[in-house]
Amino acid sequence: QVQLVESGGGLVQAGGSLRLSCAASGSITRVNAMGWYRQAPGKQREWVAIITTGVSTNYADSVKGRFTISEDNAKNTVYLRMNSLKPEDTAVYYCNFVDGRNYNYWGQGTQVTVSS
């Protein structure tokens, strides 16, 4: 019954910024972690960032210093602020929630395209 609804993707020039949002609705009762993944054309899906209880965050090396993950736990919402975007950041971005039962929920994916 849980659905994740994403927004914020789009087309930007290199060096620009975007903020992705993902909100969960439905019967979810507790969220242990929220994260973002991405999949570029012709490549494997890769993990990008995660935020856990206590507002602890971790990032993939490729985005450290440029991306910031944050959350509003009361609203079951996770954000990904992306600065200094590069063409290699072009991908479909997916949000992921892990609930108190350690079940995973996925968003539908949103396209981010960065032009050079």
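All of these numbers come straight from a predicted model, not from anything done at the bench. No hydrogens, no waters, no symmetry mates; every other heavy atom, side chains included, goes into these values.
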A.B. asks: Quick one: which residue pairs count as a side-chain hydrogen bond (donor to acceptor under 3.5 Å, both in side chains) with a foot in residues 2-22, not counting sequence neighbours?
C.D. replies: Ser17-Asn83
A.B. asks: Within the structure provided, determine whether Phe67 and Asp89 are in side-chain contact (heavy-atom separation under 4.5 Å).
C.D. replies: yes
A.B. asks: Checking Tyr79 side chain against Asp72 main chain: does a donor-acceptor pair fall under 3.5 Å?
C.D. replies: no
A.B. asks: Measure across Arg66 and Ser84 and return the closest heavy-atom pair with its distance rounded to 0.1 Å.
C.D. replies: NH1-O, 3.1 Å
A.B. asks: Taking C-beta and beyond as the side chain, do Val48 and Met82 meet within less than 4.5 Å on heavy atoms?
C.D. replies: no
A.B. asks: Say you draw a straight line from CD of Gln44 to CD of Gln39; how long is it, rounded to the nearest 0.5 Å?
C.D. replies: 7.0 Å
A.B. asks: Determine the minimum heavy-atom distance between Gly9 and Val112, stating which atoms define it.
C.D. replies: CA-CG2, 4.2 Å
A.B. asks: Between Trp47 and Tyr94, is there a shared hydrophobic cluster once you connect ILVMFWY residues whose side-chain heavy atoms come closer than 4.5 Å?
C.D. replies: yes
A.B. asks: Establish, from distance only, whether the side-chain atoms of Asp99 and Tyr105 form a donor-acceptor pair under 3.5 Å.
C.D. replies: yes
A.B. asks: Between Arg81 and Thr68 (side chain of the first, backbone of the second, donor and acceptor by atom type, cut-off under 3.5 Å), is there such a pair?
C.D. replies: no
A.B. asks: Using atom types as modelled and distance alone, determine if a side-chain donor or acceptor of Thr90 lies under 3.5 Å from a backbone N or O of Val114.
C.D. replies: yes
A.B. asks: Shortest non-hydrogen contact from Cys22 to Leu4?
C.D. replies: SG-CB, 3.7 Å
A.B. asks: Using every non-hydrogen atom in the two residues, find where Val78 and Phe97 come nearest and quote the distance to one decimal.
C.D. replies: CG1-CE1, 3.5 Å
A.B. asks: Looking at Ser116 and Ala14, what are the two nearest heavy atoms and their distance?
C.D. replies: CA-CB, 4.3 Å
A.B. asks: State plainly whether one hydrophobic cluster holds both Met34 and Val92, where clusters connect Ile, Leu, Val, Met, Phe, Trp and Tyr through side-chain heavy atoms under 4.5 angstrom apart.
C.D. replies: no
A.B. asks: State, to 0.1 Å, how close Ala49 and Leu80 come at their nearest heavy-atom pair, and which atoms those are.
C.D. replies: CB-CD1, 4.3 Å
A.B. asks: Check whether Ile51 and Tyr93 end up in the same hydrophobic cluster, where Ile, Leu, Val, Met, Phe, Trp and Tyr are linked by side-chain heavy atoms less than 4.5 Å apart.
C.D. replies: yes
A.B. asks: As an exercise, state the distance from CD of Glu71 to CD1 of Ile50, rounded to the nearest 0.5 Å.
C.D. replies: 12.0 Å
A.B. asks: Rounded to the nearest 0.5 Å, how far does CG of Asn96 lie from CG of Asn104?
C.D. replies: 4.5 Å
A.B. asks: State yes or no: do Val31 and Leu20 share one hydrophobic cluster built from I, L, V, M, F, W and Y residues joined by side-chain heavy-atom distances below 4.5 Å, directly or via other members?
C.D. replies: yes
A.B. asks: Any link between Trp106 and Val2 through a network of hydrophobic side chains (Ile, Leu, Val, Met, Phe, Trp, Tyr) touching at under 4.5 Å?
C.D. replies: no
